[in-house]
Student: 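One structure, as structure tokens, below. Some questions next.
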Amino acid sequence: MTNAEIARILREIAFFLEMEEIPFKPRAYEKAAYAIEALDAPLDEIYRRGRIKAVEEVPGVGRSIAEKLVTLIETGKLPYYEGLRLKSPVDIEQLTAIEGLGPKKVKVLYDQLGIRTVDDLERAALEGKIHQLPHFGEKSEQKILKGISFFKKSGSRYPIGVILPVIRDIERLLEKVPGVKRLAVAGSIRRWKETIGDGDLLAVSNDPDRVMDFFISMPEVIYIHAKGPTKSSIKIKSGIDVDLRVVPEESFGAALCYFTGSKAHNIHLRKIAIGKGLKLSEYGVFRGERPIAGRTEEEVYAALGLPFIPPELREETGEIESALAERLPNLIDYDELRGDLQTQTNWTDGAYSIEEMAAEAKRLGREYIAITDHTKSLAMAKGSDEKRLRKQMAAIDELNKKLRGITLLKGAEVNIDKDGRLDIDDETLARLDVVGIAVHSHFGLSREQMTRRVIRAMENPHADILFHPTGRIIQKREPYEIDIDAVIQAARRTGTALEVDAFPDRLDLKDEHIRKAVEAGVKLVIDSDAHHIHHLSYLQFGIATARRGWAKRSDVLNTLPLNAFLASLKDGKERGRKKHFGVMQVRKGR
DNA sequence: GCCGTTTTCGGCCCGACTGTTTTCAGTCG
């Protein structure tokens, strides 16, 4: 059973307990669910290694929940949970996806009308049975029907690459509303999470009504969830919910902190405040009634005895502890990448010529980019063979003579075959500046086979960078089965860099893997994987993901100037080769 | 049910908006 499945069960237990109005226990189960979701090892593995004691060491898991988890792991079932489900057999996941339905209302709907699913709910609403229930009325019934129609059309989360431009557009409109003094994007977008549930905007204005009126009457609004003087919430055509809060200027920092989240980070901050005899809310830090901080986030963190914590780290994965110990990493910044090492052109499946890609990259301020078209075994992308690759190298040499202000590197995205061999010969690879290697086929291998395959390819002395190491496409394709810890160890041993593919559908490596790689001292590169000139600006998503993975500038090779970059890339590989060679010698000597 | 530079017992984050209420519960973030 996966951690996600276990977490889901704990959350459902919390919901059932909430239905029964049992105090405090629901929070405990939710907290445990959250903690288990955030683990980087499967819980059943933790249990196998350390028995129940290790399970109890998960924060938020005590004796009672640990026992239940053990039952769940050992038998795949949990009688306590089954019992709750039997008592109220409702489809929690479905029903709570309807805006405005929580535990209490779900209970009334089930107790009074026997509603278990969204289909049941829709039937009852259409038959006019719902508005007769206590605490429901005409409006609730209409709202439920509206919610069901949204439920049927939409997935609940969107890739950040889809949502960011939409929110930026709204931001630009709101900035122009008279009276708006400050405006900021908050929420999970500001934390650069890979998928986003809704958009959060924060404003300071001396005419709040005017901002709110403008906000709810924008042409793209299709539904107004709520409108008040400080908070409004809408749904826009693309199906995304957007919230706008208006706060006084002296509360802007506290509000920005609060609306940026994450929720778990906020709760931790509030507990620290309580510990100091203070109170933290979106309006500021208070001692009694008296505000002592709130205008800026820096001020708020300082009042709690903390340095500023970058939004990308606010996931309650140890950032507050690190901040307290003054051990926060100095994260790579958004303007620190000098090069881009994965771009495709119209030589294979890209849409633009090498010249056009170079011109756009130069315009964006890059100092160098590698042209890494596909290789021959990727037939569908017109992959190059050795001969064509050499022809392209010659073309790049010619272009470099003409180009000013940017250098093109000769590269390739070399295909890893099923057994871990590369599909371009070593002589040709040796002539390339940047050899990226990547898996594009046989995604269904076992974890052992896939891990062996990729590591074997990394052991090729010419392989510089492992491109998109897990092969996932967000919300479309799961990562292939691979032992990422073994890959990280292999990267370290062979001196191969791991890519953070910045293409917003990939973000691969993802944040938590980056954190492991950084801790292991493995070098990273951040690439756009551009197939179009517009994609070259995707690097920002990669930088954000690297920051979420606690990466510093020094962890990322393409923050270096060209010569230092190339030296570093090849040195790493050289050291890896010698180390490997050294091991072989020892073995022979035995 | 969990947890402890305030605690092994007694707390558990805080506030806005809606709808159905006539003083507030439920939901959301």
Side-chain angles (χ1 to χ4, degrees), chain A residues 10 13-15 17-19 21-35 55-69 80 95-109 130-144 146-147 186-189 191 196-202 208 212 216 224-234 241-247 251 254-255 257-286 304-305 316 324:
Chain A
L10 293 177
I13 291 174
F15 190 91
L17 296 173
E18 200 127 39
M19 282 173 78
E21 307 201 32
I22 293 168
F24 304 115
K25 286 194 192 184
R27 282 302 79 64
Y29 279 94
E30 266 168 24
K31 212 177 155 204
Y34 192 88
V55 176
E56 259 191 88
E57 272 165 25
V58 175
V61 175
R63 169 58 55 162
S64 171
I65 291 183
E67 279 170 0
K68 292 186 175 73
L69 292 172
Y80 177 66
L95 290 175
T96 54
I98 306 295
E99 171 88 20
L101 289 192
K104 307 291 160 56
K105 294 199 165 172
V106 166
K107 180 171 167 57
V108 172
L109 289 168
I130 288 180
H131 73 266
Q132 304 162 11
L133 297 174
H135 285 280
F136 285 85
E138 278 299 338
K139 282 195 170 174
S140 318
E141 195 165 77
Q142 290 314 308
K143 202 178 157 191
I144 283 172
K146 195 88 190 169
S188 51
I189 298 177
R191 304 199 314 277
I196 306 293
D198 60 10
D200 293 291
L201 291 157
L202 180 67
M212 288 307 187
I216 61 159
I224 300 164
H225 295 298
K227 183 192 178 241
T230 69
K231 175 183 173 179
S232 295
S233 178
I234 58 170
D241 287 337
V242 186
D243 291 350
L244 173 63
R245 304 281 303 233
V246 180
V247 296
S251 298
C257 187
Y258 175 64
F259 295 118
T260 297
S262 63
K263 189 173 173 165
H265 179 87
N266 287 343
I267 290 175
H268 195 156
L269 291 183
R270 285 186 172 169
K271 285 188 176 156
I272 290 177
I274 292 168
K276 291 179 178 294
L278 304 170
K279 186 184 74 165
L280 171 63
S281 77
E282 57 261 55
Y283 293 105
V285 182
F286 297 85
L304 302 179
E316 182 64 352
L324 283 168

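Quick note: numbers below take in every heavy atom, side chains included, and nothing from hydrogens, waters or symmetry partners. Throughout, protein chains are lettered first and strands after them, A, B, ... in sequence-line order, and every chain is numbered starting at 1.
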Student: If I pick the C1' atom on B/dG29 and the same atom on B/dC13, what distance separates them, to the nearest angstrom?
Tutor: 12 Å
Student: Enumerate all atom pairs, one protein N or O and one N or O from nucleotides 8-13 of chain B, separated by less than 3.5 Å.
Tutor:
from: B/dC13; atom 1: O2; to: A/Arg270; atom 2: NH1; distance (Å): 2.1

Student: For the side chain of A/Glu56 and the backbone of A/Ala66, is there at least one donor-acceptor N/O pair under 3.5 Å apart?
Tutor: no
Student: Kindly point out which of B/dG15, B/dC2, B/dA16 is positioned nearest to the side chain of A/Ala28?
Tutor: B/dC2
Student: Scan A/Glu30 against the nucleic acid and name what it touches under 4.0 Å (heavy atoms): base, sugar-phosphate only, or nothing.
Tutor: nothing
Student: Reckon A/Lys25 has a side-chain N or O less than 4.0 Å from the OP1 or OP2 of B/dG1?
Tutor: yes
Student: To the nearest Å, how far apart are A/Phe259 CZ and B/dC28 P?
Tutor: 17 Å
Student: Counting heavy atoms from C-beta on, name the nucleotide in B/dC2, B/dC17, B/dG29 closest to the side chain of A/Asp243.
Tutor: B/dG29
Student: What integer number of Å spans the P atoms of B/dA16 and B/dT20?
Tutor: 22 Å
Student: Please report the distance, rounded to the nearest Å, between CD1 in A/Ile234 and P in B/dC28.
Tutor: 18 Å
Student: I'd like to check A/Glu21 versus A/Lys104 (side-chain heavy atoms, cut-off strictly below 4.5 Å). Are they in contact?
Tutor: yes
Student: Base, sugar-phosphate, or nothing: which does A/Lys227 touch, judged by heavy atoms less than 4.0 Å apart?
Tutor: sugar-phosphate
Student: In whole angstrom, give me the gap between the C1' atoms of B/dT8 and B/dC3.
Tutor: 9 Å
Student: If the C1' atom of B/dG10 is compared with that of B/dG15, how far apart are they to the nearest Å?
Tutor: 24 Å
Student: Do NZ/NE/NH1/NH2 and the carboxylate oxygens of A/Arg27 and A/Glu18 come within less than 4.0 Å?
Tutor: yes
Student: Can any side-chain N or O of A/Arg245 pair as donor or acceptor with the backbone N or O of A/Leu201 at less than 3.5 Å?
Tutor: no
Student: Taking atom P in both B/dT7 and B/dG11, compute the distance separating them and give it to the nearest angstrom.
Tutor: 13 Å
Student: A/Lys143 has an atom NZ; how far is it from atom P of B/dC17, in whole Å?
Tutor: 14 Å
Student: A/Lys276 or A/Glu138: which one's nearest nucleotide on DNA chain B is closer to the 5' end?
Tutor: A/Lys276
Student: For the atom pair CD (A/Glu138) and CD1 (A/Ile130), what is the distance rounded to the nearest 0.5 Å?
Tutor: 11.0 Å
Student: Is there side-chain contact between A/Leu278 and A/Phe286, with at least one heavy-atom pair below 4.5 Å?
Tutor: no
Student: Take the protein atom OH of A/Tyr29 and the nucleotide atom P of B/dC2, then report the distance between them rounded to whole Å.
Tutor: 7 Å
Student: For B/dT8, give the paired nucleotide (Watson-Crick: N1-N3 plus N6-O4 or O6-N4; G-U: N1-O2 and O6-N3; both under 3.5 Å), or none.
Tutor: none
Student: Below 4.5 Å, heavy atoms only, C-beta onward: do A/Thr96 and A/Leu101 meet side chain to side chain?
Tutor: no
Student: B/dG19 P sits how many Å from A/Ile144 CD1, rounded?
Tutor: 12 Å
Student: Work out how far the P atom of B/dC2 is from that of B/dT6, and round it to whole angstrom.
Tutor: 23 Å
Student: Grab the OH-P distance between A/Tyr34 and B/dG29 for me, whole Å please.
Tutor: 15 Å
Student: Rounded to whole Å, please give me the gap between CZ in A/Arg63 and C1' in B/dC2.
Tutor: 14 Å
Student: Say you pick atom P in B/dT21 and the same atom in B/dC14; how far apart are they, in whole Å?
Tutor: 30 Å
Student: Measure the spacing between CZ of A/Phe136 and CD1 of A/Ile144 and express it to the nearest 0.5 Å.
Tutor: 5.0 Å
Student: What nucleic acid atoms does A/Pro59 come within less than 4.0 Å of, heavy atoms only: base, sugar-phosphate, or nothing?
Tutor: sugar-phosphate
Student: Let me see the working for A/Lys105 and A/Glu99 under salt bridge (Lys or Arg N to Asp or Glu O under 4.0 Å), right down to the final yes or no.
Tutor: CA-CA 11 Å; A/Lys105 294 199 165 172; A/Glu99 171 88 20; over 6 Å; no
Student: Atom CG in A/Leu10, atom OH in A/Tyr34: separation rounded to 0.5 Å?
Tutor: 15.0 Å
Student: OP1 or OP2 of B/dG19 less than 4.0 angstrom from a side-chain nitrogen or oxygen of A/Ser140, does that happen here?
Tutor: no
Student: I'd like to check the salt bridge (Lys or Arg N to Asp or Glu O under 4.0 Å) partners of A/Asp243; sequence neighbours left out, ordered by chain and number.
Tutor: none
Student: Hey, which sits more toward the 5' end of DNA chain B by its nearest nucleotide, A/Glu141 or A/Ala66?
Tutor: A/Ala66
Student: Please write out the pairs of protein N or O atoms and N or O atoms of nucleotides 21-27 of chain B separated by less than 3.5 Å, giving the distance to one decimal.
Tutor:
from: B/dT27; atom 1: OP1; to: A/Gly102; atom 2: N; distance (Å): 2.8
from: B/dT27; atom 1: OP1; to: A/Gly102; atom 2: O; distance (Å): 3.0
from: B/dT27; atom 1: OP1; to: A/Lys105; atom 2: N; distance (Å): 2.9
from: B/dT27; atom 1: OP2; to: A/Lys104; atom 2: N; distance (Å): 3.2

Student: Any side-chain N or O of A/Tyr283 under 4.0 Å from OP1/OP2 of B/dA16?
Tutor: yes
Student: Would you call A/Leu244 and A/Met212 a side-chain contact if the rule is heavy atoms closer than 4.5 Å?
Tutor: yes
Student: Does A/Lys279 have a side-chain nitrogen or oxygen under 4.0 Å from the phosphate oxygens OP1 or OP2 of B/dG15?
Tutor: yes
Student: Roughly how far apart, to the nearest Å, are B/dT5 and B/dG1 at atom P?
Tutor: 23 Å
Student: Check the distance between B/dA16's P and A/Asp241's CG and give it to me in whole angstrom.
Tutor: 21 Å
Student: Categorize A/Lys68 for me: base, sugar-phosphate, or nothing, with a 4.0 angstrom heavy-atom threshold over every strand shown.
Tutor: sugar-phosphate
